[in-house]
Amino acid sequence: MRDARRIIEGILGEGVRSGAFSGAQAAWCVGPERRRELACAGTTRAAGGAEIGHDTLFDVASLTKLFTAGAALRLCERGVLAMGAELGGRVEELSGTPQAHATLEQLLAHEAGFVPWTPLYESVEPGSRGTKAGKARLLAALAAAPPASAPDGVARYSDLGFIALGVWLERVAAAPLEEVVAAEVTGPLGLLRTRFHPTERCAATAIRPRPGRELVGEVHDDNARAMGGAAGHAGLFSTAADVARLGAAWLDALAGRGGWLSRKTAEAAVRRRPSGRGLGFDLALAEGSSAGARMGRGTFGHLGFTGCSLWIDPGAGCAIALLTNRVHMGESLDAIKAFRPRFHDALMRALFEA
């Protein structure tokens, strides 16, 4: 494990020097005992930032979807939600749309027919963002957004579907999404450094077009920011250690231990559907996956636009979290696309081929 850490610290350092990101954390859990190791490199911003530590928080972007999905699955296990329940039954704002008939299962699998993204935040005046009135306007814009299709079993990855799912969870739990995620995911799993609206030291996520506007501890996603910083698709800040612990919880659930989720629920979530996805999860492709070429066929996980990822290989019994602030270096995806598989291949080689 120490050799793996040395190797990964070197690779993270290469990513910093190449300009892929200014700073990064990595964490991995291995084996039945879920042994955990950490590595980090770089600084919290490109110039003049503090060194990245194990407790530095990163905007994890769409990794938030894994927490939203986990909360939904837990509520299903307790009978508060049902996979066949329809969105319009609780989110009345969408009752007149084709997506009103989307089931919870379809939302989790990105089969609800929503378009991938649209600038809903433009409907919310800056002074209303984060308020109840602003959220109502954003939901009205969501209802008015032209759909890709009616719910049809075709996977179309969509932030909008998880925005709707986050609102649905708030309605059934009668609590803000922050409290739902805390009660169902971060609290039970002891993820003490994962939160919306962080006040601790964060890596600078990006520099906005307006001169001098740097996002630090403020969510990068515009739609999530218009909703007050907490949404079903984005808004969480975390550490690589906490994200790896989430991966370990999924490994435990698939092994029938741990008690957070049942094995039946976990297996259903990571089973490849005809559309090609799982419930809340992306499933690694045999070729060209950001998880690299050395993780097994059953590998599942997710990416985050800010430069984050979690990949879980149940065959090898490992979960690997990588957090970076790659958008601080610009919007191009080329550098992180090249870095991710090289990072995962190097770590898997260090862990299992020594």
Side-chain angles (χ1 to χ4, degrees), residues 5-6 8-28 38-64 121 126 129-130 191-226 228-231 233-244 290 302-310 320-340 342-343 347:
R5 184 174 66 181
R6 176 181 53 79
I8 294 308
E9 284 175 346
I11 290 176
L12 295 180
E14 290 174 12
V16 172
R17 290 189 293 275
S18 71
F21 38 76
S22 83
Q25 289 174 343
W28 51 97
L38 310 169
C40 53
T43 61
T44 56
R45 46 173 53 89
E51 289 187 0
I52 297 290
H54 296 155
D55 59 349
T56 304
L57 299 184
F58 286 76
D59 179 343
V60 301
S62 282
L63 293 191
T64 302
Y121 66 92
R129 293 174 183 175
L191 308 183
L192 303 180
R193 300 196 62 78
T194 303
R195 68 200 68 213
F196 298 98
H197 315 298
T199 57
E200 301 91 332
R201 183 178 70 170
C202 298
T205 304
I207 298 174
R208 306 303 285 179
R210 190 168 71 232
R213 180 78 168 95
E214 188 175 49
L215 293 180
V216 182
E218 183 180 358
V219 62
H220 178 261
D221 182 88
D222 291 305
N223 287 334
R225 197 159 58 252
H233 70 300
L236 276 174
F237 287 72
S238 189
T239 63
D242 268 12
V243 173
S290 72
H302 212 287
L303 305 181
F305 184 79
T306 51
C308 304
S309 64
L310 171 64
I320 302 173
L322 171 67
L323 306 188
T324 81
N325 63 343
R326 71 100 193 160
V327 288
H328 199 273
M329 316 306 287
E331 292 292 307
S332 173
L333 289 165
D334 292 345
I336 197 68
K337 280 184 175 180
F339 181 82
R340 279 173 171 147
R342 193 167 74 86
F343 161 81
L347 180 52

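In what follows, every heavy atom counts, from backbone to side chain, and hydrogens, waters and symmetry copies are set aside. Each residue takes its place number in the sequence, starting with 1.
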Heavy-atom side-chain proximity of Phe237 to Arg193 below 4.5 angstrom
no

Answer yes or no: is there an ion pair linking Arg225 with Asp222, defined by an N-O contact shorter than 4.0 Å?
yes

Specify the closest pair of heavy atoms between Leu57 and Glu200, including all atoms of both residues, with the distance to one decimal.
CD1-OE1, 3.5 Å

Do the side chains of Ile207 and His328 get nearer than 4.5 Å, heavy atoms only?
yes

I'd like to know if the side chain of Arg326 and the backbone of Phe305 have a donor-acceptor N/O pair within less than 3.5 Å.
yes

On a heavy-atom basis, the closest approach of Thr44 and Gly49 is OG1-CA, 3.6 Å

Taking Gly229's backbone N and O only, do any of them form a donor-acceptor pair with Arg129's side chain (distance below 3.5 Å, no angle check)?
no

Nearest-0.5 Å distance, CG of residue Leu323 to CG of residue Leu310:
9.0 Å

Tell me if a side-chain donor or acceptor on Thr239 pairs with a main-chain N or O of Asp55 at a distance below 3.5 Å.
no

Pairing residues for Phe196 by the ring pair (Phe, Tyr, Trp, His ring centres under 6.0 Å) criterion, not counting sequence neighbours
none

Going through the distances and angles, do Ile8 and Trp28 end up as a side-chain contact (heavy atoms from CB on, under 4.5 Å)?
CA-CA 11 Å; Ile8 294 308; Trp28 51 97; 4.0 Å; yes

With a 4.5 Å heavy-atom cut-off, do Phe339 and Leu322 have their side chains touching?
yes

Is Leu236 close to Leu63 at the side-chain level, that is, under 4.5 Å between some pair of heavy atoms?
no

Asp221: salt bridge (charged side-chain N to carboxylate O under 4.0 Å, His left out) partners, not counting sequence neighbours:
none

Looking only at heavy atoms, which two atoms of Leu303 and Ser290 are closest? And how far apart?
CD2-OG, 3.3 Å

What are the two closest heavy atoms between Ala204 and Glu214, and how far apart are they?
CB-OE2, 3.6 Å

Using every non-hydrogen atom in the two residues, find where Arg340 and Gly304 come nearest and quote the distance to one decimal.
NH2-O, 3.2 Å

So, for Thr324 and Ile336, which heavy atoms are closest and what is the spacing to 0.1 Å?
OG1-CD1, 4.0 Å

Expected list for residues 11-27: side-chain donor-acceptor pairs under 3.5 angstrom, two or more places apart:
{"residue": "Glu14", "atom": "OE1", "partner": "Arg342", "partner atom": "NH1", "Å": "3.2"}
{"residue": "Glu14", "atom": "OE1", "partner": "Arg342", "partner atom": "NH2", "Å": "2.9"}
{"residue": "Ser18", "atom": "OG", "partner": "Glu14", "partner atom": "O", "Å": "3.3"}
{"residue": "Ser18", "atom": "OG", "partner": "Gly15", "partner atom": "O", "Å": "3.0"}
{"residue": "Ser22", "atom": "OG", "partner": "Thr43", "partner atom": "O", "Å": "2.9"}
{"residue": "Ser22", "atom": "OG", "partner": "Asn325", "partner atom": "OD1", "Å": "3.4"}
{"residue": "Ser22", "atom": "OG", "partner": "Asn325", "partner atom": "ND2", "Å": "2.8"}
{"residue": "Gln25", "atom": "OE1", "partner": "Ala240", "partner atom": "N", "Å": "2.9"}
{"residue": "Gln25", "atom": "NE2", "partner": "Gly53", "partner atom": "O", "Å": "2.7"}
{"residue": "Gln25", "atom": "NE2", "partner": "His54", "partner atom": "O", "Å": "3.4"}
{"residue": "Gln25", "atom": "NE2", "partner": "Thr56", "partner atom": "O", "Å": "2.8"}

For the SG atom of Cys40 and the CD atom of Glu9, what is their distance to the nearest 0.5 Å?
6.5 Å

Expected output: side-chain Thr205 to main-chain Asp59 donor-acceptor under 3.5 Å:
no

